[in-house]
> 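There's a structure below that I have some questions on.
Ligands are counted one by one from 1 in listed order, and the atoms in each one are counted from 1 as well. These numbers were taken from a predicted model, which means no experiment stands behind them.
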Amino acid sequence: MNKPLNRLQSVQRRIENACSAVGRRADEVSLLAVSKKHPAEIICALNKLGVADFGENQLQEALRKQEKLRDPQLQWHFIGTIQSNKTRDIAQHFQWVQSVDRVKILRRLASQRPATANPLNICLQVNIDHEPQKAGATREEILQLAELADGLDTIRLRGIMAIPKYSQDQQQQLDSFCQVRELYEILKDSGHKLDTLSMGMSADLETAIAAGSTMVRIGTALLGTRET
Ligand SMILES: *Cc1c(COP(=O)(O)O)cnc(C)c1O
(Lines give C-alpha, C1' and ligand atoms only; values in the text may rest on other atoms or scores of the structure.)
Protein backbone atom coordinates (compact mmCIF):
# COMPACT_ATOMS: atom_id res chain seq x y z
CA MET A 1 0.00 0.00 0.00
CA ASN A 2 1.29 3.44 -0.90
CA LYS A 3 0.30 5.64 1.99
CA PRO A 4 1.54 9.02 0.71
CA LEU A 5 -0.21 8.43 -2.62
CA ASN A 6 -3.47 7.30 -1.02
CA ARG A 7 -3.52 10.21 1.38
CA LEU A 8 -2.67 12.70 -1.33
CA GLN A 9 -5.43 11.38 -3.56
CA SER A 10 -7.92 11.53 -0.76
CA VAL A 11 -7.00 15.15 0.09
CA GLN A 12 -7.16 16.08 -3.59
CA ARG A 13 -10.59 14.49 -3.80
CA ARG A 14 -11.76 16.49 -0.78
CA ILE A 15 -10.49 19.70 -2.39
CA GLU A 16 -12.20 18.86 -5.69
CA ASN A 17 -15.49 18.02 -4.01
CA ALA A 18 -15.39 21.14 -1.85
CA CYS A 19 -14.75 23.26 -4.93
CA SER A 20 -17.46 21.71 -7.05
CA ALA A 21 -19.95 22.06 -4.19
CA VAL A 22 -19.60 25.85 -4.41
CA GLY A 23 -18.96 26.15 -8.15
CA ARG A 24 -15.24 26.78 -7.97
CA ARG A 25 -12.54 25.16 -10.08
CA ALA A 26 -10.21 22.81 -8.21
CA ASP A 27 -7.17 24.59 -9.63
CA GLU A 28 -8.19 27.75 -7.75
CA VAL A 29 -7.02 26.10 -4.54
CA SER A 30 -3.41 25.16 -4.01
CA LEU A 31 -2.11 22.67 -1.51
CA LEU A 32 0.52 23.39 1.12
CA ALA A 33 1.76 20.19 2.75
CA VAL A 34 2.47 20.94 6.40
CA SER A 35 5.48 18.71 7.08
CA LYS A 36 6.32 19.86 10.61
CA LYS A 37 7.36 16.97 12.87
CA HIS A 38 7.61 14.62 9.87
CA PRO A 39 10.90 13.40 8.41
CA ALA A 40 12.56 14.55 5.19
CA GLU A 41 11.80 11.20 3.53
CA ILE A 42 8.08 11.86 3.40
CA ILE A 43 8.69 15.30 1.89
CA CYS A 44 10.72 13.60 -0.79
CA ALA A 45 7.97 11.04 -1.39
CA LEU A 46 5.28 13.70 -1.68
CA ASN A 47 7.46 15.79 -3.96
CA LYS A 48 7.81 12.84 -6.33
CA LEU A 49 4.00 12.78 -6.44
CA GLY A 50 3.93 16.42 -7.52
CA VAL A 51 3.67 18.36 -4.25
CA ALA A 52 6.14 21.24 -4.22
CA ASP A 53 5.09 23.44 -1.28
CA PHE A 54 5.92 22.49 2.29
CA GLY A 55 5.12 24.28 5.53
CA GLU A 56 7.28 24.22 8.65
CA ASN A 57 6.89 26.02 11.97
CA GLN A 58 10.25 25.37 13.66
CA LEU A 59 13.32 26.96 12.15
CA GLN A 60 15.98 24.44 13.21
CA GLU A 61 13.85 21.48 12.20
CA ALA A 62 13.18 23.04 8.80
CA LEU A 63 16.83 23.88 8.18
CA ARG A 64 17.82 20.27 8.94
CA LYS A 65 15.36 18.98 6.36
CA GLN A 66 16.37 21.57 3.77
CA GLU A 67 20.01 20.62 4.25
CA LYS A 68 19.17 16.95 3.84
CA LEU A 69 17.02 17.40 0.73
CA ARG A 70 18.93 20.19 -1.01
CA ASP A 71 16.32 20.48 -3.71
CA PRO A 72 15.86 23.90 -5.34
CA GLN A 73 12.42 22.87 -6.62
CA LEU A 74 10.95 22.73 -3.14
CA GLN A 75 9.11 25.81 -1.92
CA TRP A 76 9.44 26.27 1.82
CA HIS A 77 6.81 28.19 3.75
CA PHE A 78 7.45 29.36 7.28
CA ILE A 79 4.13 29.14 9.16
CA GLY A 80 5.13 29.41 12.83
CA THR A 81 5.72 32.08 15.43
CA ILE A 82 8.66 34.29 14.45
CA GLN A 83 11.16 35.47 17.04
CA SER A 84 13.29 38.49 16.12
CA ASN A 85 16.52 36.55 16.40
CA LYS A 86 15.30 34.05 13.78
CA THR A 87 14.41 36.47 11.00
CA ARG A 88 17.80 36.38 9.28
CA ASP A 89 17.69 32.62 8.73
CA ILE A 90 14.03 32.73 7.76
CA ALA A 91 14.65 35.52 5.24
CA GLN A 92 17.49 33.53 3.71
CA HIS A 93 16.11 30.01 3.65
CA PHE A 94 12.41 30.28 2.90
CA GLN A 95 10.48 31.30 -0.22
CA TRP A 96 7.37 32.19 1.75
CA VAL A 97 6.58 33.46 5.24
CA GLN A 98 2.90 33.14 6.12
CA SER A 99 2.98 34.19 9.76
CA VAL A 100 3.96 37.87 9.63
CA ASP A 101 1.99 39.80 12.24
CA ARG A 102 4.25 42.62 13.47
CA VAL A 103 5.94 45.65 11.94
CA LYS A 104 9.26 44.83 13.55
CA ILE A 105 9.34 41.33 12.05
CA LEU A 106 8.28 42.60 8.64
CA ARG A 107 11.04 45.22 8.59
CA ARG A 108 13.66 42.74 9.72
CA LEU A 109 12.66 40.17 7.09
CA ALA A 110 12.79 42.88 4.42
CA SER A 111 16.21 44.15 5.38
CA GLN A 112 17.65 40.65 5.81
CA ARG A 113 16.32 39.18 2.57
CA PRO A 114 19.38 38.81 0.32
CA ALA A 115 19.25 41.38 -2.49
CA THR A 116 20.22 38.66 -4.98
CA ALA A 117 17.19 36.51 -4.12
CA ASN A 118 13.66 36.91 -5.44
CA PRO A 119 11.43 39.00 -3.18
CA LEU A 120 10.21 37.08 -0.16
CA ASN A 121 6.55 36.05 -0.50
CA ILE A 122 4.59 37.15 2.53
CA CYS A 123 1.18 36.48 3.99
CA LEU A 124 0.00 38.57 6.90
CA GLN A 125 -1.50 36.50 9.69
CA VAL A 126 -4.78 37.77 11.11
CA ASN A 127 -6.20 36.68 14.47
CA ILE A 128 -9.76 36.89 13.23
CA ASP A 129 -11.50 35.63 16.38
CA HIS A 130 -9.35 37.74 18.73
CA GLU A 131 -8.09 34.69 20.57
CA PRO A 132 -5.55 35.86 23.17
CA GLN A 133 -3.44 32.67 23.00
CA LYS A 134 -3.10 32.85 19.22
CA ALA A 135 -0.65 34.72 17.03
CA GLY A 136 -1.88 37.15 14.40
CA ALA A 137 -2.62 40.83 14.01
CA THR A 138 -5.93 42.67 14.33
CA ARG A 139 -7.75 43.86 11.22
CA GLU A 140 -6.50 47.42 11.75
CA GLU A 141 -2.92 46.24 12.13
CA ILE A 142 -3.25 44.15 8.97
CA LEU A 143 -4.21 47.25 6.97
CA GLN A 144 -1.12 49.07 8.25
CA LEU A 145 1.17 46.08 7.69
CA ALA A 146 -0.07 45.77 4.11
CA GLU A 147 0.74 49.42 3.38
CA LEU A 148 4.22 48.95 4.79
CA ALA A 149 4.80 45.65 2.94
CA ASP A 150 3.94 47.19 -0.43
CA GLY A 151 6.69 49.75 0.03
CA LEU A 152 9.44 47.18 0.64
CA ASP A 153 11.42 46.07 -2.42
CA THR A 154 12.53 42.73 -1.05
CA ILE A 155 9.01 41.75 -0.02
CA ARG A 156 6.13 40.58 -2.18
CA LEU A 157 2.85 40.74 -0.33
CA ARG A 158 0.73 37.79 -1.51
CA GLY A 159 -2.18 37.76 0.88
CA ILE A 160 -3.38 36.80 4.31
CA MET A 161 -3.28 33.70 6.47
CA ALA A 162 -5.61 32.74 9.28
CA ILE A 163 -6.31 29.91 11.68
CA PRO A 164 -9.92 30.63 12.70
CA LYS A 165 -11.21 29.19 15.92
CA TYR A 166 -12.31 25.60 15.54
CA SER A 167 -16.02 25.09 16.02
CA GLN A 168 -18.33 22.09 15.71
CA ASP A 169 -20.94 24.55 14.52
CA GLN A 170 -20.68 24.66 10.73
CA GLN A 171 -22.28 28.07 10.49
CA GLN A 172 -20.05 29.62 13.12
CA GLN A 173 -17.00 28.13 11.42
CA LEU A 174 -18.13 29.50 8.07
CA ASP A 175 -18.70 32.94 9.61
CA SER A 176 -15.10 33.10 10.84
CA PHE A 177 -13.71 32.09 7.47
CA CYS A 178 -15.97 34.61 5.73
CA GLN A 179 -14.63 37.38 7.96
CA VAL A 180 -11.13 36.55 6.80
CA ARG A 181 -12.32 36.57 3.20
CA GLU A 182 -13.90 39.99 3.76
CA LEU A 183 -10.64 41.42 5.03
CA TYR A 184 -8.87 39.95 1.99
CA GLU A 185 -11.37 41.66 -0.32
CA ILE A 186 -10.98 44.96 1.51
CA LEU A 187 -7.22 44.83 0.98
CA LYS A 188 -7.67 44.01 -2.70
CA ASP A 189 -10.21 46.79 -3.14
CA SER A 190 -7.78 49.26 -1.65
CA GLY A 191 -5.24 48.43 -4.33
CA HIS A 192 -3.08 45.63 -2.94
CA LYS A 193 -2.33 43.01 -5.58
CA LEU A 194 -3.06 39.82 -3.70
CA ASP A 195 -3.59 36.26 -4.86
CA THR A 196 -3.38 34.18 -1.70
CA LEU A 197 -6.01 33.57 0.93
CA SER A 198 -4.37 30.91 3.07
CA MET A 199 -6.94 29.19 5.28
CA GLY A 200 -8.23 25.69 5.90
CA MET A 201 -6.53 22.73 7.57
CA SER A 202 -7.24 18.99 7.77
CA ALA A 203 -10.42 19.38 9.82
CA ASP A 204 -12.01 22.34 8.05
CA LEU A 205 -10.75 22.62 4.49
CA GLU A 206 -14.24 22.27 3.01
CA THR A 207 -15.57 25.23 4.98
CA ALA A 208 -12.50 27.30 4.13
CA ILE A 209 -12.92 26.57 0.43
CA ALA A 210 -16.60 27.50 0.61
CA ALA A 211 -15.52 30.86 2.02
CA GLY A 212 -12.99 31.47 -0.77
CA SER A 213 -9.68 29.98 0.39
CA THR A 214 -7.01 29.79 -2.33
CA MET A 215 -4.51 27.77 -0.31
CA VAL A 216 -5.19 25.04 2.21
CA ARG A 217 -2.48 24.01 4.67
CA ILE A 218 -2.79 20.29 5.29
CA GLY A 219 -0.77 18.29 7.81
CA THR A 220 -2.54 15.36 9.46
CA ALA A 221 -4.76 14.34 6.55
CA LEU A 222 -1.75 14.21 4.23
CA LEU A 223 1.09 12.96 6.41
CA GLY A 224 -0.60 11.24 9.32
CA THR A 225 -0.64 12.17 12.99
CA ARG A 226 2.37 13.97 14.41
CA GLU A 227 4.48 12.86 17.35
CA THR A 228 4.21 15.54 20.00
C1 LIG B 1 0.06 22.46 11.94
C2 LIG B 1 -0.50 23.54 11.12
C3 LIG B 1 -1.38 23.24 10.05
C4 LIG B 1 -1.84 21.84 9.69
O5 LIG B 1 -2.72 21.32 10.62
P6 LIG B 1 -3.48 19.91 10.38
O7 LIG B 1 -4.67 20.01 11.25
O8 LIG B 1 -2.53 18.84 10.79
O9 LIG B 1 -3.83 19.82 8.94
C10 LIG B 1 -1.84 24.30 9.29
N11 LIG B 1 -1.48 25.57 9.55
C12 LIG B 1 -0.64 25.89 10.55
C13 LIG B 1 -0.28 27.31 10.77
C14 LIG B 1 -0.13 24.89 11.37
O15 LIG B 1 0.69 25.22 12.37
> Got a salt bridge between Glu41 and Lys68, using NZ or NE/NH1/NH2 to carboxylate O under 4.0 Å?
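Lys68 and Glu41: salt-bridged.
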> Between the side chains of Lys36 and Glu61, is the shortest nitrogen-to-carboxylate-oxygen separation below 4.0 Å, so that they form an ion pair?
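No.
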> Please indicate whether Gln170 has more than 12 foreign heavy atoms, meaning atoms of other residues, nucleotides or ligands, lying under 6.0 Å from its CD.
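No, because the 6.0 Å sphere around CD of Gln170 holds 12 heavy atoms or fewer from other groups.
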> Using the side-chain hydrogen bond (donor to acceptor under 3.5 Å, both in side chains) rule, take Ser198 and Gln98 through it: C-alpha gap first, then chi angles, then the decisive distance, then the call.
CA-CA 8 Å; Ser198 171; Gln98 296 208 9; 2.7 Å; yes
> Going through the checks in order, is the salt bridge (charged side-chain N to carboxylate O under 4.0 Å, His left out) test met by Arg14 and Glu206?
CA-CA 7 Å; Arg14 282 178 65 189; Glu206 284 83 2; 2.8 Å; yes
> Output side-chain donor-acceptor pairs under 3.5 Å for residues 106-121, partner residues at least two apart or in another chain, one line each.
{"unit_1": "Arg108", "atom_1": "NE", "unit_2": "Ser84", "atom_2": "O", "d": "3.1"}
{"unit_1": "Arg108", "atom_1": "NE", "unit_2": "Thr87", "atom_2": "OG1", "d": "3.1"}
{"unit_1": "Arg108", "atom_1": "NH2", "unit_2": "Ser84", "atom_2": "O", "d": "3.0"}
{"unit_1": "Ser111", "atom_1": "OG", "unit_2": "Arg107", "atom_2": "O", "d": "3.4"}
{"unit_1": "Ser111", "atom_1": "OG", "unit_2": "Arg108", "atom_2": "O", "d": "3.3"}
{"unit_1": "Gln112", "atom_1": "OE1", "unit_2": "Thr87", "atom_2": "OG1", "d": "2.7"}
{"unit_1": "Gln112", "atom_1": "OE1", "unit_2": "Arg88", "atom_2": "N", "d": "2.9"}
{"unit_1": "Arg113", "atom_1": "NE", "unit_2": "Asn118", "atom_2": "O", "d": "2.8"}
{"unit_1": "Arg113", "atom_1": "NH1", "unit_2": "Ala91", "atom_2": "O", "d": "2.7"}
{"unit_1": "Arg113", "atom_1": "NH1", "unit_2": "Phe94", "atom_2": "O", "d": "2.9"}
{"unit_1": "Arg113", "atom_1": "NH2", "unit_2": "Asn118", "atom_2": "O", "d": "2.9"}
{"unit_1": "Asn121", "atom_1": "OD1", "unit_2": "Arg158", "atom_2": "NH1", "d": "2.9"}
{"unit_1": "Asn121", "atom_1": "ND2", "unit_2": "Gln95", "atom_2": "O", "d": "3.1"}

> Can you name the residues that come within less than 4.0 Å of ligand 1, going by heavy atoms only?
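Those residues closer than 4.0 Å to ligand 1 by some heavy atom are Val34, Lys36, Ile79, Ile163, Met201, Ser202, Arg217, Ile218, Gly219, Thr220, Arg226.
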